[in-house]
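One structure is given here, and the rest of the page talks about it.
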Amino acid sequence: MAAIYSLYIINKSGGLIYYKDYGSAGRMDTNDTLRVASLWHSMHAISQQLSPVSGCAGIELLQADTFDLHCFQSLTGTKFFVVSEPGTQQMESLLKFVYELYTDYVLKNPFYEMEMPIRCELFDINLTQAVQKDRVALLAR
Amino acid sequence: MIGVGKMKQYSNILDKPLTKGKQEVSLSAFAFLFSELVQYNQTQVDNIGELERRLEDAGYAVGARVLELLCHREKGNRRETRLLGILSFVHSTVWKVLFGKVADSLEKGTEHEDEYMISEKELLVNKFISIPKDMGTFNCGAFVAGIVRGVLDSAGFPAVVTAHFVPMEGQQRPRMTILIKFAEEVLRREARLG
């Protein structure tokens, strides 16, 4: 059964602005999540330099024994990545959908300061709905 | 020779006929503009009450102009003199033109004679806005309350209009209610008209 462990959003300077975990498997305490976020930000940047092919946009998928990490970087440098069970399908479209939710409920909120941690109720509500729907769709297959 | 198929050139923009205009506007564009309006006003005030008042004043200006425009476009220059008439005008016509749909409901207040409520599940202006916890009861619907107040005031029905969240059981988001409290003279006039 494919499942999402956790979702991270990093701003363009590498700071963690949103973290959500689904289930106890991927849970980490705050300091660890901040470390993972900056670690991933640096790895992403290094991979762009390391690539033998020019025009590399950074790591999109990292596969390990016990998890998959899918990453989506917007044109503005904000990174959305999700840690999921190995073999989970359609994470890219989920990440793009989360990006849409971000532009709608975070960026159009007058009380949100750019690059700060996200504290928007509507974003949380819609994100939970999206992940639930995904989970139901995945289970139905 | 009489000009055939040539449009009359208007030298002054005020002489041009009022067109119906584009029926559709980008929601995102409006949301960003409104968000900027709120942010701008936030930098100018010290407390939440003043921020609400400023948003209401901005809405008041919109309301006064919308009334003129709609009376010309939609109603064929007829003037509403009765309370229920102006309320249903606000509830249907104004809402339809501004938000693309009529308001969800129009109710008469049970406690006071002079109170009426227009309810909406989710105001268009609030669609993308989440109020932070430390702002308490602040509501960006104050802008819409200002619009309603502008329309009513310019039509000759002075009133105090406020926007409230009404929590509903079984729903995560509270309903929006615009509370309209008419001034004394309006009720007296209404009673005289019978």
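Any value given below was found using the heavy atoms of this structure, including those in side chains, with hydrogens, waters and symmetry copies removed. Residue numbers begin at 1 in each chain, while the letters A, B, ... track the order of the sequences.
A 6.0 Å sphere centred on OH of A:Tyr99 holds more than 12 heavy atoms belonging to other residues, nucleotides or ligands. Around atom OH of B:Tyr40, no more than 12 heavy atoms belonging to other residues, nucleotides or ligands sit under 6.0 Å away. The local environment of CD in B:Gln44 is crowded, with over 12 non-hydrogen atoms from other residues, nucleotides or ligands closer than 6.0 Å. Atom CD of B:Glu115 has more than 12 heavy atoms from other residues, nucleotides or ligands within 6.0 Å. Within 6.0 Å of NZ on B:Lys121 lie no more than 12 heavy atoms contributed by other residues, nucleotides or ligands. The 12-atom threshold is exceeded at NZ of B:Lys108, counting heavy atoms of other residues, nucleotides or ligands nearer than 6.0 Å. Other residues, nucleotides and ligands contribute more than 12 heavy atoms inside 6.0 Å of the CZ atom of B:Arg82.
Here the CG-NZ distance, from B:Leu27 to A:Lys108, works out to 6.0 Å after rounding to the nearest 0.5 Å.
At a threshold of 4.5 Å between non-hydrogen side-chain atoms, the residues B:Gln39 and A:Phe111 do not count as touching. A 4.5 Å side-chain heavy-atom check between A:Arg119 and B:Pro132 finds every atom pair outside the cut-off.
Using a 4.5 Å cut-off between heavy atoms, B:Lys133 touches chain A through its side chain atoms alone. With a 4.5 Å cut-off on non-hydrogen atoms, B:Glu36 does not touch chain A at all. When heavy atoms are compared at a cutoff of 4.5 Å, B:Phe138 approaches chain A solely by way of its side chain, counted from C-beta outward.
Between B:Ser130 and A:Cys120 the shortest heavy-atom distance is OG-CB, 3.6 Å. Contact detail for B:Phe128 and A:Asp104: the closest heavy-atom pair is CB-O, 3.5 Å. Minimum heavy-atom separation, A:Leu122 to B:Ile129: CD1-O, 3.5 Å.
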